[in-house]
Visitor: 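Pasting a structure below so you can have a look.
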Amino acid sequence: MAMDCKNYDFQKIEPFWQKKWLANQTFHAECLSPAEKYYVLDMFPYPSSMGLHIGHPEGYTASDILARYKWANGFNVLHPMGWDAFGLPAEQHAIATGQHPSINTAINIERFRTQIQSFGFAIDWNREVDTTNPHYYRWTQWIFLQLFKHGLAYVDDKPVWWCPELKSVLANEEVINGRSERGNFPVERKNLRQWVLKITKYADKLLDGLEDIDWPNSTKRQQIAWIGRSEGLEIDFEIIPGGSKIPVYTTRPDTIFGATFLVLAPEHELVEQTTTTENQEKVQEYIRNTKKKSDLERTDLAKEKSGVFTGSFAKNPFNGEQIPIWIADYVLVSYGTGAIMAVPAHDERDFEFAQKFNISIKQVIAPPTSENSGENENPENSLFYKNNLPFCGDGILVNSGKLNGSTTEEAKKKIMQQAEQCGFGRRAVKYKLRDWLFSRQRYWGEPIPILWIERSLYDRALTEKKTYFLDLVPHIAVSYKKNNVEWCAIPLMDNQLPLKLPETNIYLPSDDGESPLVHAKQWLNVFVNPSTGEISAEPQMGFIPAIRETNTMPQWAGSCWYYLRYMSPHYEEGLVDPQAEAYWKSPDFYIGGAEHAVLHLLYARFWHLFLYDIGAISATHEPFKKLFHQGIILGNDGNKMSKSRGNVVNPDDIVQQYGADSLRLYEMFLGPLDAMKPWSTQGIEGVYRFLKKIWALYIDGEGKVKKFLAEDNATIDRLLHETIKKVTEDIEKLQFNTAIAQMMIFINGAQKIGISRQTAVVFLQLLAPFAPHIAEELWARLGENFSVSKIKWPTYDPSKLATDQVKIILQINGKMRDEIAVNSSATQEMVEEIAWKQSRFMTFLSGKKIVKKIYIPGKILNIVVK
RNA sequence: GCUCAAGUGGUGGAAUGGUAGACACGCCAGAUUUAGGAUCUGGUGCUGCGAGGCGUGAGGGUUCGAAUCCCUCCUUGAGCACCA
């Protein structure tokens with residue numbers, strides 16, 4: 001017992017039990033316990049200076065209910081918490097104050113931990129992880145080096161998204177409608193040397209893996225769309241005059257006879273070759289204009305198509321037709337072959353373009369009609385369909401020579417076959433997914449554990465085979481050229497990890513894409529012994545000059561594998577203890593916001609699949625078997641909570657005023673867990689009253705346990721078993737709102753009728769996952785053993801649910817007219833006999849002719865009349 | 001524009017083919033109280049004196065029976081947005 005308080009004094013009760021759970025390590029997850037494991041994972045928070053948001057405890061409470069429920073069912077539960085602590089706000093604070101970001105980060109973590117502990121979650125605090133701790137990021141760096149060694153990390157200086165405001169590059173996934181995902185600042189294209197991870201190599205595995213995991217459909221769909229796999233045909237068109245070939249990519253080879261022009265992207269390498277002398281000027285001007293446009297303009301001004309004719313023609317290899325070659329910026333150089341065959345009759349974009357530039361439109365697909373299956377199609381009579389162009393669906397081929405009458409599906413097959421046989425085309429698979437841009441020009445991130453040395457020294461070390469990095473570098477060297485010197489990347493050795501961030505007082509990146517780490521000159525320029533890997537700050541015999549990589553990793557790096565670290569957070573021999581990994585495998589339940597659908601959740605799956613492939617882990621291919629997104633909690637006014645709207649609810653205030661149990665209960669009672677729902681300041685009163693009612697049912701005005709009934713009456717007995725059933729089933733289905741409603745029904749009944757001591761005990765077990773503090777307190781006052789969350793979960797007795805009397809609804813033409821109570825074993829004849837005696841029911845039947853009777857045993861008797 | 005999801009009292013929501021509105025908020029009345037607060041009891045979809053009638057975004061359909069299944073439209077939310 002916490003205190004001998006008389007009233008429901010949550011301010012005394014809650015901290016007492018929180019301390020007790022911590023001190024007793026009540027929720028410590030024992031690795032390799034003989035019990036079956038259950039791993040509940042929350043998306044770990046970024047510890048911002050704003051403190052915890054009211055949305056945080058929503059997901060955390062849901063996972064906590066599950067964790068406590070599983071403990072009570074005999075599972076060995078892993079429910080950890082940690083900090084995704086690298087990130088921009090801490091760095092911006094450092095820039096503003098000149099203070100090292102680790103100081104502020106530590107303060108914020110402290111505050112988050114205190115806040116999270118004030119909710120009484122059954123977390124194993126021994127397993128806390130912090131992505132900014134060198135003991136942690138040592139292994140983030142180690143994973144990077146594995147990716148490097150396997151040729152999945154390389155440098156590139158293609159155009160990348162650059163955000164001038166953040167002074168950093170961003171990944172494709174971090175750019176939304178031409179603005180940064182964080183901060184909503186405009187971004188532009190810039191050529192910079194950057195580290196890139198070859199996530200595209202895992203495109204198919206990332207796609208296939210989605211099939212056997214239990215995730216929200218919308219999230220799966222988003223990942224599928226992001227990967228954007230398509231199957232099609234690459235077809236070579238011959239340039240007239242000239243004779244060289246332009247490969248185009250299409251997913252609709254069946255429309256090949258409808259191609260009336262060909263379009264090159266403005267950046268396409270054959271632009272110069274295809275442009276005739278008299279069109280030179282116009283084409284160059286068009287390309288100049290395109291370059292001036294930002295990517296935002298180029299994609300956002302989708303309304304009006306633009307383009308220019310090159311003067312050349314291309315020969316359609318299927319029918320020998322010559323079609324004009326145009327240049328237009330609606331074709332992207334980075335997708336497919338950067339060139340398309342345009343079929344205006346069956347593609348909206350091509351249609352729009354053809355209309356604007358007066359290019360002919362030729363229909364080759366007729367929409368399928370219900371009556372004919374293609375045989376009666378009259379190719380000459382296609383005028384009828386012209387009004388409906390462009391028609392982009394599947395149909396029947398017309399105007400396509402011997403393919404006329406084929407379906408889209410048949411025609412695709414035939415044309416692909418023909419193209420491959422004749423050698424002017426080949427099947428191809430394309431993806432929208434691009435490689436993951438992995439470096440950032442920031443201070444507050446994991447340093448990339450790479451040294452750069454000159455090419456000749458690199459080659460010499462490898463040919464002489466007397467070097468530590470012989471097996472640690474990819475087959476093809478990762479290199480770049482600057483001022484005519486070529487630099488090659490070599491890794492640090494495992495025992496040189498973690499590569500810690502150097503001390504500096506300059507945290508601001510430069511305007512031209514230089515990381516603040518370049519200012520740490522001592523750290524930056526070193527000497528390395530190529531045979532031993534030894535690093536020295538001073539030149540030495542046998543050492544060669546090297547420069548450290550100055551970019552850091554993006555914030556997503558640390559969160560890609562934290563769920564593995566929780567399994568053995570103090571293990572020093574590897575990222576995860578193989579025994580722990582074999583036992584815990586992967587999270588059984590993962591809950592977090594839907595905003596990470598294509599960022600964290602795609603990156604983490606990529607790393608997991610990779611780690612599995614290289615044998616670093618071995619239990620599962622996919623990291624997150626079951627995923628759930630909690631809904632957003634809106635402000636009182638139905639709008640998103642924001643400082644500017646003044647509708648922000650601070651969880652600390654709620655805990656202060658109503659207690660953590662009320663907050664937990666209320667957030668779960670608001671509505672379905674995945675729904676977006678508005679906070680109501682008045683609404684929380686309801687659950688608070690519920691808790692006070694429970695208190696009053698157990699404890700008298702003197703703070704003593706009340707006298708319970710010697711025995712339950714039948715109504716309460718049935719209600720208890722109904723409640724056990726409903727609460728148990730609803731927890732399994734994550735329908736916490738209705739589970740709480742059922743407990744309220746129980747308490748309302750208990751208040752009227754009274755309950756036995758045994759029933760009072762069982763109810764506390766049901767309540768404990770939702771409101772653990774009050775449940776633990778009353779449990780202790782009843783003299784039961786600590787802890788209520790570790791006692792075997794109650795089961796219901798089905799025989800108690802059966803009743804000897806059932807209610808039958810009497811309907812006429814499906815409308816409820818009366819109800820009767822009958823013996824539960826009553827037959828239809830017996831029910832009818834009683835029904836016919838009901839005067840109210842009979843008044844509805846009088847003068848009507850009975851057509852049919854429908855009887856659903858135990859539920860309904862419906863009389864159909866005329 | 002395309003794709004997906006969802007529309008139920010004054011409010012949050014319950015019911016996924018069988019009594020629409022569980023549970024809760026709010027509101028009304030009463031009890032207790034010097035008063036307020038707290039607590040307890042009863043009521044509360046709309047309409048009608050009543051029997052009853054109407055009612056789940058709108059319209060249509062399937063069914064003995066539809067909030068639930070199907071079609072069309074409207075609204076809201078989410079995602080994608082020249083990916084050929």
Side-chain angles (χ1 to χ4, degrees), chain A residues 7 176-177 216-219 221-222 224-226 228-230 232 248-252 255 259 263 265 298-303 305 328-332 334-343 346-350 352-353 392 430-434 594-595 597-598 629 631-632 634 638 665-666 669-672 674-687 689-690 692-693 696 726 735 737-748 751-752 807-819 840 843-844 851-856 858-865:
Chain A
N7 300 322
I176 294 156
N177 289 332
N217 268 328
S218 63
T219 305
R221 263 204 315 276
Q222 274 184 65
I224 291 167
W226 190 261
R229 185 182 201 271
S230 77
V248 302
Y249 174 69
T250 181
T251 54
R252 291 294 304 267
T255 62
V263 189
R298 215 174 130 171
T299 52
D300 207 46
L301 298 178
K303 299 140 204 160
K305 290 273 180 292
D329 66 3
Y330 80 92
V331 174
L332 308 175
S334 51
Y335 182 79
T337 61
I340 62 158
M341 64 171 209
V343 185
H346 306 293
D347 182 279
E348 275 178 45
R349 296 147 303 179
D350 299 345
E352 208 184 307
F353 193 85
C392 304
K430 305 282 178 194
Y431 301 89
K432 287 194 215 176
L433 183 70
R434 304 293 144 80
E595 67 274 15
V598 289
H629 299 306
I632 294 169
L634 304 169
L665 218 43
Y666 181 58
F669 186 60
L670 261 177
D674 56 355
M676 192 185 268
K677 47 220 168 221
W679 178 270
S680 159
T681 313
Q682 286 172 327
I684 196 165
E685 292 280 355
V687 294
R689 271 176 219 161
F690 169 60
K692 283 193 287 188
K693 265 194 228 177
K726 178 81 176 148
Q735 290 170 1
N737 54 334
T738 48
I740 294 166
Q742 181 64 37
M743 289 192 279
M744 287 173 167
I745 293 169
F746 175 83
I747 286 300
N748 290 342
Q751 200 178 32
K752 282 196 187 99
K807 196 160 63 172
I808 302 288
I809 301 300
L810 302 179
Q811 294 185 331
I812 292 169
N813 290 343
K815 270 205 168 110
M816 203 271 272
R817 290 307 182 188
D818 212 339
E819 63 176 60
R840 182 176 126 91
T843 56
F844 288 101
V851 180
K852 201 174 173 182
K853 296 172 191 166
I854 289 133
Y855 178 64
I856 312 291
K859 278 187 178 167
I860 269 170
L861 176 67
N862 186 18
I863 309 296
V864 185
V865 299

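Each chain gets a letter, A, B and so on, in the order the sequences are listed, and its residues count up from 1.
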Visitor: For rG26(B), decide between syn and anti, treating a glycosidic angle within 90° of 0 as syn.
Guide: anti
Visitor: In terms of side-chain heavy atoms of Tyr330(A), which of rG1(B), rC82(B), rC23(B) is nearest?
Guide: rC82(B)
Visitor: Using the P atom as the point on both nucleotides, what is the distance between rG7(B) and rG13(B), in whole Å?
Guide: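 One P to the other, the span is 10 Å.
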Visitor: Using the side-chain heavy atoms of Asn862(A), tell me which of these nucleotides is nearest: rG65(B), rA14(B), rC23(B).
Guide: rG65(B)
Visitor: Mind checking whether Val343(A) and Arg252(A) have side chains closer than 4.5 Å, heavy atoms only?
Guide: no
Visitor: Does Ser230(A) reach a base, just sugar-phosphate, or nothing at all? Heavy atoms under 4.0 Å.
Guide: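 Sugar-phosphate only.
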Visitor: Give Leu670(A) one of three labels, base, sugar-phosphate or nothing, depending on what nucleic acid heavy atoms sit under 4.0 Å from its own.
Guide: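 Here Leu670(A) touches the backbone only, sparing every base.
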Visitor: For the side chain of Lys853(A) and the base of rC64(B), is some donor closer than 3.5 Å to an acceptor across the two?
Guide: no
Visitor: Using a heavy-atom cut-off of under 4.0 Å over every strand shown, decide if Lys432(A) touches base, sugar-phosphate, or nothing.
Guide: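 It contacts base atoms.
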Visitor: Checking all strands, does Val331(A) fall into the base, sugar-phosphate, or nothing category for heavy-atom contacts under 4.0 angstrom?
Guide: base
Visitor: Side chains of Ile340(A) and Asp350(A): does their closest heavy-atom pair fall under 4.5 Å?
Guide: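 Counting from C-beta outward, Ile340(A) and Asp350(A) do come under 4.5 Å.
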Visitor: Could you tell me how far rC80(B) sits from rC69(B) if I compare only their P atoms? Round to whole Å.
Guide: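 Their P atoms lie roughly 27 Å apart.
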Visitor: Of the listed nucleotides (rG18(B), rG42(B), rC4(B)), which one gets closest to any side-chain atom of Lys752(A)?
Guide: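 Nearest to the side chain of Lys752(A) among the choices is rG42(B).
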Visitor: With rounding to the closest Å, how many angstrom separate the P atoms on rG9(B) and rA5(B)?
Guide: 23 Å
Visitor: Quote, to the nearest angstrom, the C1' distance that separates rU62(B) from rA51(B).
Guide: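 Nearest-Å result for rU62(B) against rA51(B) at atom C1': 33 Å.
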Visitor: Counting the atoms with a prime plus P, OP1 and OP2 as sugar-phosphate, which does Thr250(A) contact under 4.0 Å by heavy atoms, base, sugar-phosphate, or nothing?
Guide: sugar-phosphate
Visitor: When we call it a touch if two heavy atoms are under 4.0 Å apart, what does Asn748(A) touch: a base, just sugar-phosphate, or nothing?
Guide: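 Since only primed, P, OP1 and OP2 atoms lie under 4.0 Å of Asn748(A), the category is sugar-phosphate.
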Visitor: When you check the side-chain N and O atoms of Lys693(A) and Asn748(A), is any donor under 3.5 Å from an acceptor?
Guide: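 Asn748(A) and Lys693(A) do have a side-chain donor-acceptor pair below 3.5 Å.
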Visitor: Which listed nucleotide (rA38(B), rA22(B), rC82(B)) is nearest to the side chain of Ala741(A)?
Guide: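 My answer, after comparing the listed nucleotides, is rA22(B).
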Visitor: Out of rC82(B), rA84(B), rA14(B), which has the shortest distance to the side chain of Thr738(A)?
Guide: rA14(B)
Visitor: Please work out if Arg434(A) contacts a base, only the sugar-phosphate, or nothing of the nucleic acid, heavy-atom cut-off 4.0 Å.
Guide: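 Base, at least one base heavy atom under 4.0 Å.
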Visitor: What's the separation between atom CD1 in Ile863(A) and atom CG in Leu810(A), rounded to the nearest 0.5 Å?
Guide: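 Rounded to the nearest 0.5 Å, the CD1-CG separation comes to 8.0 Å.
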Visitor: When you measure from the side chain of Tyr666(A) to the backbone of Gly686(A), do you find a donor-acceptor pair of N or O atoms at a distance under 3.5 Å?
Guide: no
Visitor: With a 3.5 Å cut-off and heavy atoms only, can you find an N or O donor on one side and an acceptor on the other between the side chain of Gln811(A) and the base of rG18(B)?
Guide: yes
Visitor: Would you mind telling me which residue lines up with the more 5' stretch of RNA chain B, Ile809(A) or Val864(A), judged by nearest nucleotide?
Guide: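 The answer here is Ile809(A).
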Visitor: What's the separation between atom OG1 in Thr738(A) and atom CE in Met743(A), rounded to the nearest 0.5 Å?
Guide: 10.0 Å
Visitor: Using the P atom on both, measure rA14(B) against rA6(B) and round to a whole Å.
Guide: 13 Å
Visitor: Would you say the side chain of Ile809(A) lies within less than 4.5 Å of the side chain of Glu819(A), judging by non-hydrogen atoms?
Guide: yes
Visitor: Please compare Gly228(A) and Lys807(A) by the position of their nearest nucleotide in RNA chain B and report the one closer to 5'.
Guide: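 The 5'-side residue here is Lys807(A).
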Visitor: For rA22(B) versus rU8(B), give the span between their C1' atoms, rounded off to a whole number of Å.
Guide: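 Nearest-Å result for rA22(B) against rU8(B) at atom C1': 13 Å.
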Visitor: Say we look at rG59(B) and rA24(B): how far apart would their P atoms be, to the nearest angstrom?
Guide: 34 Å
Visitor: When all nucleic acid strands are considered with a 4.0 Å heavy-atom cut-off, which category describes Thr251(A): base, sugar-phosphate, or nothing?
Guide: sugar-phosphate
Visitor: Just checking Asn737(A): base, sugar-phosphate only, or nothing, at a heavy-atom cut-off of under 4.0 Å?
Guide: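 The answer is sugar-phosphate, as Asn737(A) gets under 4.0 Å only of primed atoms, P, OP1 or OP2.
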Visitor: Given the C1' atoms of rG53(B) and rU75(B), what is the spacing between them in whole Å?
Guide: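 Each nucleotide's C1' atom is 29 Å from the other's.
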